[in-house]
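Notes follow once the structure below has been shown.
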Protein chains: 2
Amino acid sequence: MSPDSVSGVTQPPPRRPRKRSATRSVTLSDVAASAGVSAQTVSRVVRDPRSVPDGTRARVEAAIAATGYVPNLAASNLASNRSRTVAALVPQISSSVFADTVHSFSTALAAHGYQIFVGTTDYRPEHEEDVLRSFLGRRPDGLLMVGTSHTSGTLALLAAAGVPVVETWGWSDDPVDLLVGFSNAAAAAAMVAHLVGRGRRRITFAGRHTSGDPRAAERLDGYTTAVRDLLGGAPRTVDAGPEPVAMDTGVTLLDLALERYPDSDAVMFSSDVFAAGALQACVRRGTDVPGTLALAGFGDFELARHLVPALTTVAVPSARIGELAAELLLTRMRGAPVERPHRDVGYEVVARESS
Amino acid sequence: MSPDSVSGVTQPPPRRPRKRSATRSVTLSDVAASAGVSAQTVSRVVRDPRSVPDGTRARVEAAIAATGYVPNLAASNLASNRSRTVAALVPQISSSVFADTVHSFSTALAAHGYQIFVGTTDYRPEHEEDVLRSFLGRRPDGLLMVGTSHTSGTLALLAAAGVPVVETWGWSDDPVDLLVGFSNAAAAAAMVAHLVGRGRRRITFAGRHTSGDPRAAERLDGYTTAVRDLLGGAPRTVDAGPEPVAMDTGVTLLDLALERYPDSDAVMFSSDVFAAGALQACVRRGTDVPGTLALAGFGDFELARHLVPALTTVAVPSARIGELAAELLLTRMRGAPVERPHRDVGYEVVARESS
DNA sequence: AGCGTGAATGTTAGCGCTACCGATAGCGCT
DNA sequence: AGCGCTATCGGTAGCGCTAACATTCACGCT
């Protein structure tokens, strides 16, 4: 034993500096050194250029350009406890009604310096919770969600996170926070009323309502109520189960509907994608639309008005939802009180040739 | 004046701890305290559960559940210098051929613990640089880009970032790094050959090639070459300029084509979206397709085979591109050597009723 | 008993940035 | 001159996490 350890007073070993896999990239202080100012000043130039006088700002900006500095947002987020980031959770992004919402939402927020990251749940609510959890790891300053019905786990996460939330594309008497949407049930009921007005009496609803699309289920509810009130008959419904939201599935749904309810004089679908598939199948088979069978969709995709015959559908102000959602969320993130935090944007039955 | 300041030896003021707007959220050490272990052990459980024995792991996991802990990824990124994040830059996501690529790419990478964030350039290459810059702020571990032609600013950013990159949906003799794609020119030439084989002699190309869609421009090149080689005539082209990639624009393009080249016996479009709009317009107007006019698209969207008449188009293995891109990128991110870093996935002319 | 070994866990020092505060200089006023 | 004010800039201490190392302990061996 060495005398040292016997003495009971061990000298701390001479510390060599820790090895860290250093980032090869340029940091704030590199820029600061190059510009001859402090890191703090560079930070100010990056975040709020007007807070620094012209001369200094020019020198710092030159140094940034010369060094090729790209700020590390992870460090910024950590230090400032703000991520300047907003997360959007949608069921599906491609070929979907939500594309316009996300696009306008993201454009509106980008103008205020926010980046949006989008997650898709593939129409599986149980998936929503996982996606949400991994998104919350990035500590978004705000959150957009499609739909108003969530699992209890999702609600717990939202509550714990304490982040401003906008729900969209639905309606609820008890929203989590902000709400920009409309009643899917009322929209579907309006479509039933339209079809009844056109003389249809045996209307079948075809959708994907049992497998995790709560909005389709709400539309089914509206359909059921309307059929009972207006026609007095039993509802006629067919369900696609877990099939994807695609035109192929629309054909399948059409076949199911005609097999189970051969006397149907109208089929309304829970999405334009389904209706478009069914409509083209009818054209190919020579089924007279709307003579023999009326068809209707939901969403008013661009496709709907181009098809021949043009597709009757329910138009929803998809882009407007995104804009409004961004507006309300910005107000809330600013900490200001939000006027009328629940906005009904409505819907409109667009009667075209297929009904 | 106090004696202190007169004495010239000012005591350092007693430092009260800095006030920081404390995060209200649960941190690693909260969990550690609750589980009776160190923060490091909790970190290990979160990142690599197998590195901790069952008993400890169970206790820590219980503590995580009890506290509702959600890891702060910004802190993790900063400390580990890895973001477990991959960025994808695409021209457009909704109603586009890239949707399948992004989807399969993201699925393949998610299986390895990576999150994908997607940015869209709206078909504006000058926008690409801005989007890239803001993405690099998040220090992605890898990058997917659509296309092989980039601005010099983009190339400089990529070089400085030193991040693995996969380019897709194109072909180049001098790629930035990895490449999974095919020759747009060859694909367009093959379509010309198909149309010529069907007896067409006055083929017009309609696209959006002057306004920032390099892939459309490449297709135009292939078309021009093929027309010269096979037909000997002058190329006939019409351009949509900055119009959006939408069915409406397809109708506009059709009208332009028929106005400028009234004797056209075939029109090939740079996208299925354009072709679908044009095709439905023909159906509505009673133009015989393919009798009077053959139409062809590009991309083989689901829509193409459902339309009546079904649309002739070029099928590209969009999902396969995403998968392969993920595979190569994973290998590179692992630091392993990549076999055959440039993969040609090919294309296929799908002859249907419209030609 | 003493030692080497390896598994399990703890300790320490940052990662790059910003909040917070303090220091200084310049200005207009009494 | 002295005062108070504002504009400008710098110093310091973390934000929550993990890499790198250190320590502890049980175990099998000589």
Side-chain angles (χ1 to χ4, degrees), chain A residues 1 10 12-33 35-57 59-60 67 69-84 136-139, chain B residues 1 10 12-33 35-57 59-60 67 69-84 136-139:
Chain A
M1 279 194 184
T10 39
R15 286 227 160 276
R16 37 200 160 132
R18 288 293 172 88
K19 282 265 178 55
R20 263 264 156 144
S21 53
T23 322
R24 65 233 164 285
S25 73
V26 183
T27 72
L28 251 200
S29 30
D30 295 334
V31 177
V37 297
S38 73
Q40 186 56 229
T41 299
V42 179
S43 171
R44 277 190 271 256
V45 171
V46 171
R47 273 177 310 108
D48 182 14
R50 288 162 315 177
S51 68
V52 170
D54 293 356
T56 313
R57 171 152 32 88
R59 251 185 323 140
V60 171
T67 52
Y69 173 64
V70 178
N72 184 328
L73 298 183
S76 172
N77 297 353
L78 188 59
S80 68
N81 197 24
R82 304 188 50 209
S83 65
R84 298 201 151 274
L136 288 179
R138 306 209 180 276
R139 300 292 189 269
Chain B
M1 280 197 183
T10 40
R15 284 225 161 276
R16 41 206 156 126
R18 288 291 172 86
K19 282 266 179 54
R20 263 266 156 136
S21 52
T23 323
R24 65 234 163 284
S25 72
V26 182
T27 73
L28 250 201
S29 31
D30 295 334
V31 178
V37 297
S38 74
Q40 185 57 230
T41 299
V42 179
S43 172
R44 279 190 269 256
V45 170
V46 171
R47 273 176 312 108
D48 182 13
R50 290 163 314 177
S51 68
V52 169
D54 293 356
T56 312
R57 171 154 29 90
R59 248 184 325 138
V60 170
T67 52
Y69 171 64
V70 178
N72 184 328
L73 297 183
S76 172
N77 297 354
L78 188 58
S80 68
N81 197 25
R82 302 189 50 210
S83 65
R84 299 200 149 274
L136 288 179
R138 306 209 180 276
R139 301 291 190 268

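Sequence lines set the chain letters: A, B, ... in the order given, protein chains first and strands last, and positions in each chain run from 1. Worth saying up front: this structure is predicted, and the values here are computed from it rather than measured.
- The Asn72(A) side chain lies nearest to dC17(C) when the options are dA19(C), dC17(C), dT11(C).
- Between Arg82(B) atom CZ and dA19(D) atom P there is a gap of 9 Å when expressed in whole angstrom units.
- Of the candidate nucleotides dG10(C), dG16(C), dT12(D), dG10(C) has the atom nearest to the side chain of Ser38(B).
- In terms of the salt bridge (Lys or Arg N to Asp or Glu O under 4.0 Å) criterion, Arg82(A) has no residue partners (sequence neighbours excluded).
- Nearest heavy-atom pair across Ala74(B) and Leu78(A) is CB-N, 4.5 Å.
- The CZ atom of Arg57(A) lies 13.5 Å from the CZ atom of Arg44(A); values are rounded to the nearest 0.5 Å.
- Comparing Ala75(B) and Gly36(B) against DNA chain C, the residue whose closest nucleotide sits nearer the 5' end is Gly36(B).
- Between the CG atom of Asn77(A) and the P atom of dG16(D) there is a distance of 13 Å, given to the nearest Å.
- In terms of phosphate contacts, Ser80(B) brings no side-chain nitrogen or oxygen within less than 4.0 Å of OP1 or OP2 of dC17(D).
- Evaluation of the side chain to side chain donor-acceptor pair (under 3.5 Å) rule for Arg138(A) yields Thr85(B), Gln115(B) as partners, not counting sequence neighbours.
- The nearest whole Å value for the distance from the CG atom in Leu28(B) to the C1' atom in dA19(D) is 14 Å.
- Residues satisfying the side chain to side chain donor-acceptor pair (under 3.5 Å) test with Ser76(B), not counting sequence neighbours, are none.
- Legend: residues meeting side-chain contact (heavy atoms from CB on, under 4.5 Å) with Ser38(A), ordered by chain and number and at least two apart, are Gln40(A), Thr41(A).
- Here the rule is side-chain contact (heavy atoms from CB on, under 4.5 Å) with Val42(B), and of Asp30(B), Val37(B), Thr27(B) only Val37(B) fits it.
- Checked against dT9(C), dG16(C), dC17(D), the side chain of Thr41(B) finds its nearest nucleotide in dT9(C).
- The phosphate of dC17(D) has neither OP1 nor OP2 within less than 4.0 Å of any side-chain N or O from Ser43(B).
- Atom CG of Leu136(B) is separated from atom P of dG16(C) by 16 Å (rounded to the nearest Å).
- Taking atom CG of residue Leu78(A) and atom P of nucleotide dG16(C), one finds them 12 Å apart after rounding to whole Å.
- Between Leu28(A) and Ala39(A), the closest heavy-atom pair is CD1-O, 3.7 Å.
- Remark: Ser51(A) engages no residue in a side chain to side chain donor-acceptor pair (under 3.5 Å) (not counting sequence neighbours).
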Produce the list of close N/O pairs, under 3.5 Å, pairing protein atoms with atoms of nucleotides 25-27 of chain C; give distances to one decimal.
none

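- The salt bridge (Lys or Arg N to Asp or Glu O under 4.0 Å) test applied to Arg84(A) returns no partner, not counting sequence neighbours.
- Looking at residues 44-57 of chain A, you'll see Arg47(A) sit with a heavy atom under 4.0 Å from some atom of DNA chain C.
- Axis orientation changes by 50° from one end of the helix from dA1(C)-dT30(D) to dT30(C)-dA1(D) to the other, with each end axis drawn from 5 pairs and the value rounded to 10°.
- With hydrogens and angles disregarded, no donor-acceptor distance shorter than 3.5 Å links the side chain of Thr67(B) to the backbone of Val31(B).
- Residues passing the side chain to side chain donor-acceptor pair (under 3.5 Å) test with Thr56(A): none are found, sequence neighbours excluded.
- The nearest whole Å value for the distance from the CG atom in Leu73(B) to the C1' atom in dC17(C) is 17 Å.
- As a whole-Å value, the separation of Asn81(A) CG from dC20(C) P is 11 Å.
- As rounded to whole Å, 9 Å separates atom P of dG16(D) from atom CZ of Arg139(A).
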